[in-house]
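Taking it in order: structure first as structure tokens, then the write-up.
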Amino acid sequence: MPAPDAAAPGLPGFLAACHLLLLDGQVEPSDVAALISNRQPELAAAQPGPGGIPERRLSRHSRLVGPVPLDAPLRAELGLPAWARAAFALAGPRDREAEPPPEWVRRADELASYFPAGLPDREEGRGLALLVALARRLHTAVRCADEASGGTAQSDPAGLAAAGSTPGQSSAERILTPDPDAHIDLAVYSHYWLAPDVLLERVRAVAPGARMPLPVSAEALERLGAEIDPAEPIVLDGYAVEVDLAELGLEAGLIEIGVLLEEAVPGIVAAHAAGPQIAYRVRWQPLAQDLGEALDTADPAVRRMRAGAAERIEALAGAIMRATAGIALDHDGFLVSERQLG
């Protein structure tokens, strides 16, 4: 279904039928384009669509339409917040899982409450995940498309438009604002392998308490010895460095820097550096994670602890970038510059 002209009467129904990335006055459309290129550098640039609104094809059946200006009447009709000045619409098929998400998914996935009959799947799931990642990075929000009456999923864009032809129903409940601090892990990719002692020295410049992991116990070594051919040379293909976070609280756990050769790398890394890369993954491992529990991010103390861990992760990733001339990505696969890491 082509997008209508920005002034056409059918625009509210089209937008209500699509998942929307909402932009405030501080975010430029070029920011969205740049971030999408981070995730999918092979995509062609946006072209004028049939309705005069730019469109960028994301896949065979999905495209991103926009930016669409949002005036006050249109915001009111769609139930959008007053700060929303423009939107990008995800136009494509509606693919849903056949069963409602189980309870453990409802607790872990922020999208589950918006789709109680079945989570977006396949192409719709991938497109919506991209919008949520963009909103998280840009500190904005996503308006999830109006559901079909009775919760029936539609499989084609024409059906999707019909399902959303009554904009504004329960619209306030369709606004998803991702926590921009939910995922603090970073990864640095580089051609350069830093030996454990060299990385430890660089890391200690910003985290003096950094250490190698505790030695493997004699019992574990004995078990491993039975599985290792003594004639085979031992080649180090990965290791880790740890930074204890006890000063942030007993529950803070540690930061692990995992170092490993990776053959398959994100597209944006491959576009800048050919061949396999050394991945330096800087990950927070709070105590709750080791115990198989979820962090209560509504607790102010937990949020302060996470903020402290994030600050240290950024400093560590920055030190690794400088030491390896590397490329840094956030959890969602977007580029992070050394300037952003401080």
Side-chain angles (χ1 to χ4, degrees), residues 27-45 56 58 64 126 129-139 178 180-207 210 236-243 254-285 306-307 309-342:
V27 178
E28 296 292 336
S30 58
D31 298 330
V32 176
L35 290 173
I36 292 174
S37 295
N38 285 182
R39 290 269 291 251
Q40 296 175 267
E42 74 283 359
L43 292 181
R56 187 171 192 176
L58 299 178
L64 197 65
R126 291 188 293 271
L130 173 62
L131 296 194
V132 172
L134 288 166
R136 183 162 39 238
R137 177 65 179 262
L138 296 170
H139 294 216
D181 302 317
H183 303 294
I184 62 175
D185 296 347
L186 296 170
V188 178
Y189 292 87
S190 172
H191 280 306
Y192 298 107
W193 168 277
L194 297 183
D197 58 326
V198 176
L199 178 62
L200 189 60
E201 178 184 357
R202 294 304 183 98
V203 166
R204 281 178 172 166
V206 295
L236 181 67
D237 62 358
Y239 65 94
V241 170
E242 296 177 347
V243 176
L254 56 84
I255 293 171
E256 179 189 75
I257 304 171
V259 184
L260 192 67
L261 174 68
E262 291 196 3
E263 300 280 349
V265 299
I268 191 63
V269 176
H272 287 80
Q277 298 285 301
I278 308 301
Y280 298 83
R281 298 191 175 277
V282 191
R283 296 172 289 204
W284 182 34
Q285 296 186 336
R306 184 178 64 182
E311 182 179 344
R312 287 157 178 79
I313 284 175
E314 291 176 1
L316 291 166
I320 295 169
M321 283 186 73
R322 290 186 288 274
T324 64
I327 299 170
L329 301 182
D330 66 12
H331 172 274
D332 289 315
F334 299 130
L335 287 171
V336 181
S337 69
E338 186 178 336
R339 178 180 57 81
Q340 290 172 297
L341 298 177

*Please step through side chain to side chain contact (heavy atoms under 4.5 Å, CB included) for the pair Leu130 and Leu64, ending with a clear verdict.*
CA-CA 11 Å; Leu130 173 62; Leu64 197 65; 5.7 Å; no
*Mind running side chain to side chain contact (heavy atoms under 4.5 Å, CB included) on Leu138 and Leu35 for me, showing each step along the way?*
CA-CA 10 Å; Leu138 296 170; Leu35 290 173; 3.7 Å; yes
*Just do the side chain to side chain contact (heavy atoms under 4.5 Å, CB included) check on Val243 and Arg312 with the steps written out, would you?*
CA-CA 9 Å; Val243 176; Arg312 287 157 178 79; 5.7 Å; no
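Atoms CD and CD1, on Glu242 and Ile255 in that order, are 11.0 Å from each other to the nearest 0.5 Å. Between Ile320 atom CD1 and Leu186 atom CG the span is 9.5 Å, to the nearest 0.5 Å. We find the CD1-CG distance between Ile36 and Leu43 to be 7.5 Å, quoted to the nearest 0.5 Å.
A donor-acceptor pair under 3.5 Å is absent between the side-chain atoms of Thr324 and the main chain of Ser190, judged by distance alone. Under the 3.5 Å distance criterion, the side-chain polar atoms of Arg306 are matched with a main-chain donor or acceptor of Asp181. Checking side-chain atoms of Tyr280 against main-chain N and O of Leu194 turns up a donor-acceptor pair under 3.5 Å.
Two residues are said to be in side-chain contact when any heavy atoms from C-beta on lie closer than 4.5 Å; Arg56 and Ser37 meet this criterion. Using a 4.5 Å cut-off on side-chain heavy atoms (C-beta onward), Leu316 and Val241 make no contact.
Every residue meeting the salt bridge (Lys or Arg N to Asp or Glu O under 4.0 Å) condition with Glu262, not counting sequence neighbours, appears here in chain and number order: Arg281. The side-chain hydrogen bond (donor to acceptor under 3.5 Å, both in side chains) test applied to Glu256 returns Arg283, not counting sequence neighbours. Under the rule for a side-chain hydrogen bond (donor to acceptor under 3.5 Å, both in side chains), His183 has no partner lying at least two apart in sequence or in another chain.
Nearest heavy atoms, Val336 versus Leu329: CG2-C, 4.1 Å. Minimum interatomic distance between Gln340 and Glu314 (heavy atoms only, all atoms of both residues): O-OE1, 4.4 Å. Across Ala273 and His191, no two heavy atoms sit closer than the pair CB-NE2, 3.9 Å. For the pair Ala323 and Arg202, the tightest heavy-atom approach, listed with the atom from each and the gap, is CB-NH1, 3.3 Å. Closest of all the heavy-atom pairs between Asp332 and Ala133 is CG-CB, 3.7 Å. Closest non-hydrogen pair, Leu134 versus Phe334, comes out as CD2-CZ, 3.8 Å.
More than 12 heavy atoms of other residues, nucleotides or ligands sit less than 6.0 Å from atom NE2 of His139.
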